[in-house]
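Bear in mind the structure is a predicted one, so any value in this text is a computation, not a measurement. Start at 1 with the first residue, then count along the sequence.
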Amino acid sequence: MSFEKDHQQCLEKLVWATHELQVDIDRVKLSRIAELIVQTMTGPWRYFHTPEHIFEVGGTDNAIEVLAALFHDLVYVQVDKSVNFNLTYYISPFIRQIKEKLYIRERHELPQDMMCEMVMEVFGFAPGRELSPFAGQNEFLSGLICAKVMEPFISSSLILQIVACIEATIPFRPHSKEGFSASEQLYMRLKEINSKYEISMSVEELRLTVRRAVRMSNRDVGSFANPSSAQFLDGTWSLLPETNHNLQNTTSYTVHQYRVALQKMEGFMNFLRPDIIFQQFDGEPNDAAYQELLARSGRNIQIAKLYLGSKLFTIAVLETLSLRFGSDIPLSTMMGESGELSPDRFSIEKLENFLPAIDKPYTPQNDIENEVLNLLEVGRSKSSGYDIKNSPLTTFIIKFIGFDEIRALLAQAKAFFQDEISGEEFLAQCNPEVKEIITNGLLRLFDRRKAALQKV
């Protein structure tokens with residue numbers, strides 16, 4: 001979608017939401033807010049956290065949720081590598097940078113500002129705090145920007161409700177030491193803020209605020225519970241280039257760079273549990289819906305772990321072989337370029353063309369293995385801009401040796417990644433027939449390239 005269309009859709013949502021809340025804001029001013037949002041969300045590194053994402057997360061039914069979603073991903077330091085210059089106008093009085101880290105200013109440096117104080121308290125932050133990308137930094141800064149942008153137009157009560165929704169999108173938080181969930185802790189903080197600033201929200205309004213925040217937060221991570229594992233993995237593949245910028249160079253990223261991206265995502269999936277992905281508070285969602293979210297996300301995580309682990313094993317084999325003639329070998333050199341990824345759609349020979357048929361291919365042992373093998377062979381729902389949707393080499397290896405052998409050797413592959421063993425030591429533990437087939441396939445691939453060059 002073009003900037004103009006994104007801007008128009010964002011503006012329409014702002015107009016609808018403010019009308020629903022009976023807030024009168026000049027359309028020209030709303031257009032400037034839409035421009036601020038869309039310009040940030042269409043930055044060069046945005047691949048998943050785009051205008052389309054914020055429009056989806058906000059839903060269509062509740063104005064508070066729509067507004068919160070528009071602002072909730074404005075700051076994403078890991079992706080953008082900085083805070084967009086246009087946003088610094090709103091936060092520089094409250095935030096300072098020391099080297100690569102951001103901090104809330106010390107109390108004596110902070111101006112008297114109710115919005116800043118209130119946002120800090122919604123998040124449970126205090127002056128002088130170091131902001132962590134993995135503990136609410138992006139959400140806090142996005143919430144602070146939202147509060148300062150909307151402060152001239154809407155009440156403190158509405159801002160509090162919007163910022164609470166943004167706070168709830170801090171992902172993957174376990175219960176506190178006292179046993180309280182993230183949403184329960186948010187509710188307790190809101191009660192204190194409501195009293196301190198005399199906002200005059202009733203207990204039911206406060207509980208409704210948290211239910212609304214949970215609803216939006218669960219939509220934000222809703223892809224984890226997608227009924228289609230192929231579409232779930234599409235989302236995963238859209239996330240990879242946001243924090244692995246070299247993958248956006250389509251055919252020029254190296255074997256090592258691709259492996260590092262897979263390794264980080266595989267490690268992340270092994271950390272995840274369904275109960276820290278989705279939240280529940282005061283019957284939102286109801287028990288049946290909540291258990292369905294947990295069940296679907298649990299299955300998708302199982303699939304992703306085996307899928308990523310299998311691809312990680314394959315790339316370990318390729319990386320080891322690539323090290324025999326260089327340390328920065330493009331993945332396309334080892335695999336051959338796909339026509340769908342090549343800028344000119346020119347397809348040359350690929351390694352998969354030199355893999356033999358398997359007489360007695362491995363039979364998946366359960367539903368998860370069957371699903372993963374199908375995803376590898378047939379592919380995810382769609383190709384990404386930097387990677388094809390299926391995995392021919394990994395499919396071949398699984399059909400040849402099975403998932404159990406890959407599971408057994410994955411720890412050795414990770415030892416190679418950590419320089420605990422050499423690549424050749426890892427390769428020595430792999431199936432000798434598989435090594436020979438892949439090595440011979442590479443030799444034939446390089447021979448074809450040599451022959452093509454000699455024709456010229």
Donor + acceptor pair across side chains of [X], [Y] (<3.5 Å):
X	Y	result
T254	D328	no
D24	H19	no
Y76	E242	no
S31	H7	yes
E319	Y258	no
S229	E371	yes
Q185	S181	no
D287	Q280	yes
K311	S391	yes
S217	Q279	yes
E12	Q8	yes
R296	N226	no
E52	T50	no

*Mind checking whether F71 and S142 have side chains closer than 4.5 Å, heavy atoms only?*
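The answer is no; the side chains never approach within 4.5 Å.
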*asked:* Do L141 and L102 make a side-chain contact, defined as non-hydrogen atoms from C-beta onward lying under 4.5 Å apart?
replied: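 In contact.
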Does the ring center of [X] lie less than 6.0 Å from the ring center of [Y]?
X	Y	answer
W16	F55	no
H175	F180	no
F232	F224	yes
H49	H72	no
F172	F268	yes

_Are more than 12 heavy atoms, taken from residues, nucleotides or ligands other than K264, located less than 6.0 Å from that residue's NZ atom?_
yes
*Run through R219, K13, R211 and flag the one making a salt bridge (charged side-chain N to carboxylate O under 4.0 Å, His left out) with E65.*
R219
*Using salt bridge (charged side-chain N to carboxylate O under 4.0 Å, His left out) as the criterion, point out the one residue from E139, E184, E167 that pairs with R173.*
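Of the listed residues E139, E184, E167, the salt bridge (charged side-chain N to carboxylate O under 4.0 Å, His left out) partner of R173 is E167.
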*Do you know the tightest heavy-atom contact between L36 and L74?*
O-CD2, 4.4 Å
*Considering non-hydrogen atoms only, spot the tightest contact between F416 and S422 and give its length.*
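Smallest interatomic distance, heavy atoms only, reads CD1-C, 3.9 Å.
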*Any chance you could measure E425, atom CD, to Q412, atom CD, to the nearest 0.5 Å?*
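The CD atom of Q412 is 9.5 Å from CD of E425, to the nearest 0.5 Å.
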